Amino acid sequence: MMKRSFVGKPTWWRPATTEIQISPIREFVIRCSNHDIHGAISAMDILQTLHIRADPLVYSSLIKSCIEARDIHSGRRVHRHLFDSDGNIPATFLINQVLGMYVRFQRVEEARQVFDVMPEKNVVSWTTMISAYTNMKRGRMGLELFVMMGRSGVMPNMYTFSSVLRASDGLETVSMIHCPIVKVGLDSDVFVRSSLIDVYAKWGDLQSGFYVFDEMPTRDLVVWNSIISGYAQDGNGHVALDLYSKMRRAGFPANQGALTSVLRACTGLTLLEMGRQVHTHSIKFLTDLILNNALLDMYCKCGSSEDATCLFDRMVEKDIISWSTMISGLAQNGRNVEALELFDRMPLKPNYITMVGVLFACSHAGLVEKGWRHFNSISNPGREHYGCMVDLLGRAGKLDDAVKFIKEMNCEKDVVIWKSLLSSCRVHKDVELAGIVGRRILELNPDEEGAHILLSNTYADSQQWEKVREVRWEMKARGVKKEPGCSWIEVGNRIETFIVGGSSTRTHQEMESVSKEVVRLIDRVTNEGGYIPDTSFVLHDVEVEQKKESLKYHSEKLAVAFGLMMLGKDKDIRVIKNLRICGDCHNFVKLVAMVERRKIVIRDAVRFHHFQHGVCSCGDYW
DNA sequence: ATAGGGTTAG
């Protein structure tokens, strides 16, 4: 009798590859993967011991489930399965899915390892890696991969371009990427366009960004917001607001992103009333963290820390930006102690920016000891932190300590640091040190306007008119111009601007009545508040009467007078000034707030002054 | 299977 001989395993035990035989298991795996990943993977283990290769859909479904369940361990098991089963190389699209999974789990290096050994990389593989790197702020690597991709002969698509644009490190790179986009006609894609607009704006070429925007046949909300936020961030709030209303007229609804950009524009322009209006539109998005943070910042920077506090207390979710915004916002509004208390209550780890706000609060509250303690708690202090400390020591009159600190500090001694010291020299009338520091600044940057002014002011304080003339002459020779004092106030839906001695938005006649109001106020505070003009703030060597005359027309006085004339009794007067408020105006406004029984808020170049009942929130320490 | 915009200091 012939014996039947078997070679290897019996035929019925052969790896089954047909759809019919595996389909029950496949269905089991897919069904499991929705609620029980471990069970599903165990089923895969069984398949493997049976030498049954699951079909791609099974893997695809499993990977998706792992991502959804945020289960990286199971993800790794599926990954191993994919490559272990009998040496076959998985389909590229499956490996791409594995890449995507690791990227989602923030494991770019793991993704990279898989990517590097992929035999066939397609557009998706490359794009997944490039966008992973750009999202992790590793743009350099993203660009490198983009170049490698080109060399490997794979054509980028719109997905690739919109990702790689965000990795660009300067205008040169942007235009280098822009060229091929135009060449292959991918600039019609809205994603590519919004990336282009954003990245042009980011590197300071808003004009090119606007050009990309302007020639678009079809736009969507994101494209609109890209250009709006570009202008808002560039400090061009008026253009941003104008574009926003155009967007609304074009029929687009205001979503979170758009409202956030509009708020930023309001913040930049210090438009509190408009900001409030935006707030009412924002209640639809009550829980949007970014929008809330923008609102906090708007209220703080528009001088209403009360509104900011109220919103902050109601916010369900707060991140480090919310806390940092509130801390420095309170400090900018003279609520330094509260700022520091808030910092003590903060449940999150402070970052670089948080500590800038904390030190700012210490320096404006004159808390030297506390400032030192906080400074020493920073593990890796940077330029801004050193700057705050110089400010802190200088303001407190510890000029020697400030000099010592600068000498010993482990960071570049730039113009900002020296300017901070120079302004302390002026406050504490140290003419000698001012001369040295001023010269130092002008060596670093001969066209530094602020240093010239500070220096000449310091000399003027101590009546060294010869030196004042010297500095003024040097400014003239260098063509350095003093920025004229300028104040503005929001009345109705308009902004009224006042420059020294006049107005840029009112007629001559209207100015006459504003001047009359200033005179009336001066009389009133002189009689009822004992106001004496402090002519030491007039910096030219002229007769006393002439000095008094010139003080009258400081822009902040005009703006305050205008506000009192135009706004209802129940409204606070809110004025913004481009330079620092002068000492005479500071005293004057304190008295006006008292005799007129009004709350007056002036934001100068550095911070807010809240005047009420004859005192200022800064405690005259500024 | 891969893509775009919005928030804190200076």
Side-chain angles (χ1 to χ4, degrees), chain A residues 56 59-60 63-64 67 91-101 103-104 121-132 134-135 156-166 186 189-199 201-202 209 213 219-230 232-233 240 254-265 267 282 285 288-298 300-301 318-329 331-332 350-360 382-388 414 416-417 420 606:
Chain A
Y59 282 110
S60 179
I63 294 171
K64 275 185 206 143
I67 293 174
T92 302
F93 90 91
L94 271 181
I95 309 182
N96 286 342
Q97 245 182 338
V98 173
L99 291 182
M101 176 190 75
V103 170
R104 280 287 285 275
K121 305 173 176 64
N122 64 15
V123 211
V124 179
S125 332
W126 286 101
T127 305
T128 304
M129 288 314 297
I130 291 171
S131 77
T134 49
N135 285 334
N157 62 12
M158 54 266 242
Y159 290 79
T160 323
F161 280 121
S162 54
S163 288
V164 77
L165 274 170
R166 300 202 307 137
L186 282 174
D189 184 75
V190 277
F191 284 74
V192 174
R193 291 252 186 174
S194 56
S195 253
L196 271 171
I197 295 167
D198 189 49
V199 102
K202 180 173 159 197
F213 170 82
R219 301 171 179 139
D220 70 357
L221 235 162
V222 177
V223 172
W224 274 102
N225 200 29
S226 299
I227 193 73
I228 293 172
S229 79
Q233 285 171 13
N255 71 349
Q256 296 98 311
L259 289 175
T260 307
S261 299
V262 171
L263 276 172
R264 173 135 183 180
T267 309
S282 305
F285 312 108
D288 190 296
L289 181 60
I290 299 181
L291 182 54
N292 280 333
N293 286 345
L295 276 166
L296 286 182
D297 192 43
M298 183 276 293
C300 288
K301 295 246 176 60
K318 302 182 185 86
D319 64 0
I320 188 67
I321 296 184
S322 328
W323 287 89
S324 305
T325 305
M326 267 325 282
I327 290 166
S328 57
Q332 281 160 353
N351 66 15
Y352 189 102
I353 297 173
T354 322
M355 294 315 293
V356 175
V358 169
L359 294 179
F360 182 92
R383 236 173 4 144
E384 286 86 356
H385 301 129
Y386 286 108
C388 284
D414 61 4
V416 181
I417 297 277
S420 163
V606 189

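Since the model is a prediction, treat every value here as computed from it, not as a measurement. Chain letters run A, B, ... following the sequence lines, proteins first and then strands; every chain starts at 1.
A:Ile228 comes within contact range of no nucleotide atom at all, as no heavy-atom separation falls under 4.0 Å. Among the heavy atoms of the strands, none lies under 4.0 Å from A:Val262.
For A:Asp414 against B:dG10, no side-chain N or O and base N or O form a donor-acceptor pair under 3.5 Å. The base of B:dG6 is not paired with the side chain of A:Asn293 by any donor and acceptor separated by under 3.5 Å. Residue A:Ser261 places no side-chain atom within donor-acceptor reach of the base of B:dG6, judged by atom type and a 3.5 Å distance cut-off alone. The base of B:dT8 sits with one of its N or O atoms less than 3.5 Å from a complementary donor or acceptor on the side chain of A:Ser324. No hydrogens or angles were tested; on distance alone, a donor-acceptor pair under 3.5 Å links the side chain of A:Ser162 to the base of B:dA3. Within 3.5 Å, a donor on the side chain of A:Asp220 pairs with an acceptor on the base of B:dG4, or the reverse. In terms of polar N and O atoms assigned as donor or acceptor, the side chain of A:Asn122 comes within less than 3.5 Å of the base of B:dA1 in a complementary pairing.
The A:Ile290 side chain lies nearest to B:dT7 when the options are B:dG10, B:dT7, B:dA3. In this structure, the nucleotide among B:dG5, B:dT7, B:dT8 sitting nearest to the side chain of A:Asn225 is B:dG5. Closest to the side chain of A:Ser229, out of B:dG5, B:dT7, B:dT2, is B:dG5. Residue A:Val356 places its side chain closer to B:dA9 than to any other of B:dG5, B:dA1, B:dA9. Of the candidate nucleotides B:dA9, B:dT2, B:dG4, B:dA9 has the atom nearest to the side chain of A:Tyr352.
Across the protein-nucleic acid pair, A:Asn96 atom CG and B:dA1 atom C1' stand 6 Å apart, rounded to whole Å. Nucleotide B:dA1 holds its P atom 13 Å from the CZ atom of A:Arg104, rounded to whole Å. Atom C1' of nucleotide B:dA3 and atom CD1 of A:Ile130 are separated by 11 Å, given to the nearest angstrom. In this entry the distance linking CD of A:Gln256 with P of B:dG6 reads 14 Å, nearest Å. Counting to the nearest Å, the C1' atom of B:dT7 and the CZ atom of A:Phe285 are 16 Å from each other. Atom-to-atom, NZ of A:Lys301 to P of B:dT7 comes out at 11 Å; the value is rounded to the nearest Å. Residue A:Asp297 contributes atom CG, which lies 5 Å from atom P of B:dT8 at whole-angstrom precision. Nucleotide B:dT8 holds its C1' atom 14 Å from the CG atom of A:Leu295, rounded to whole Å.
No donor-acceptor distance shorter than 3.5 angstrom exists from the side chain of A:Ser420 to the backbone of A:Val416, with no hydrogens or angles considered. Distance alone, capped at 3.5 Å, is enough to place a donor-acceptor pair between the A:Thr127 side chain and the A:Val123 backbone. Side-chain atoms of A:Ser195 come within 3.5 Å of backbone N or O of A:Ser162 as a donor-acceptor pair. The backbone N or O of A:Ile321 sits nowhere less than 3.5 Å from a side-chain atom of A:Asn293 that would complete a donor-acceptor pair. For the pair A:Asn135 (side chain) and A:Ser131 (backbone), a donor-acceptor distance under 3.5 Å is present.
Proximity of A:Arg166 to the phosphate of B:dG4: a side-chain N or O atom is located under 4.0 Å from OP1 or OP2. Note on A:Lys318: every side-chain N or O is 4.0 Å or more away from OP1 and OP2 of B:dT8. The phosphate of B:dT8 (OP1 or OP2) has a side-chain N or O of A:Arg264 nearer than 4.0 angstrom. OP1 or OP2 of B:dT7 has at least one side-chain nitrogen or oxygen of A:Gln233 nearer than 4.0 Å.
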Q.
For a side chain to side chain donor-acceptor pair (under 3.5 Å) check, start with the C-alpha distance between A:Asp297 and A:Thr325, then their side-chain angles and the critical distance, and finish with the verdict.
A. CA-CA 6 Å; A:Asp297 192 43; A:Thr325 305; 5.1 Å; no
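Residue A:Arg104 places its CZ atom among 12 or fewer non-hydrogen atoms of other residues, nucleotides or ligands, all under 6.0 Å distant.
Aromatic stacking of A:Phe93 on B:dA1: not satisfied for centres closer than 5.5 Å together with planes under 30 degrees.
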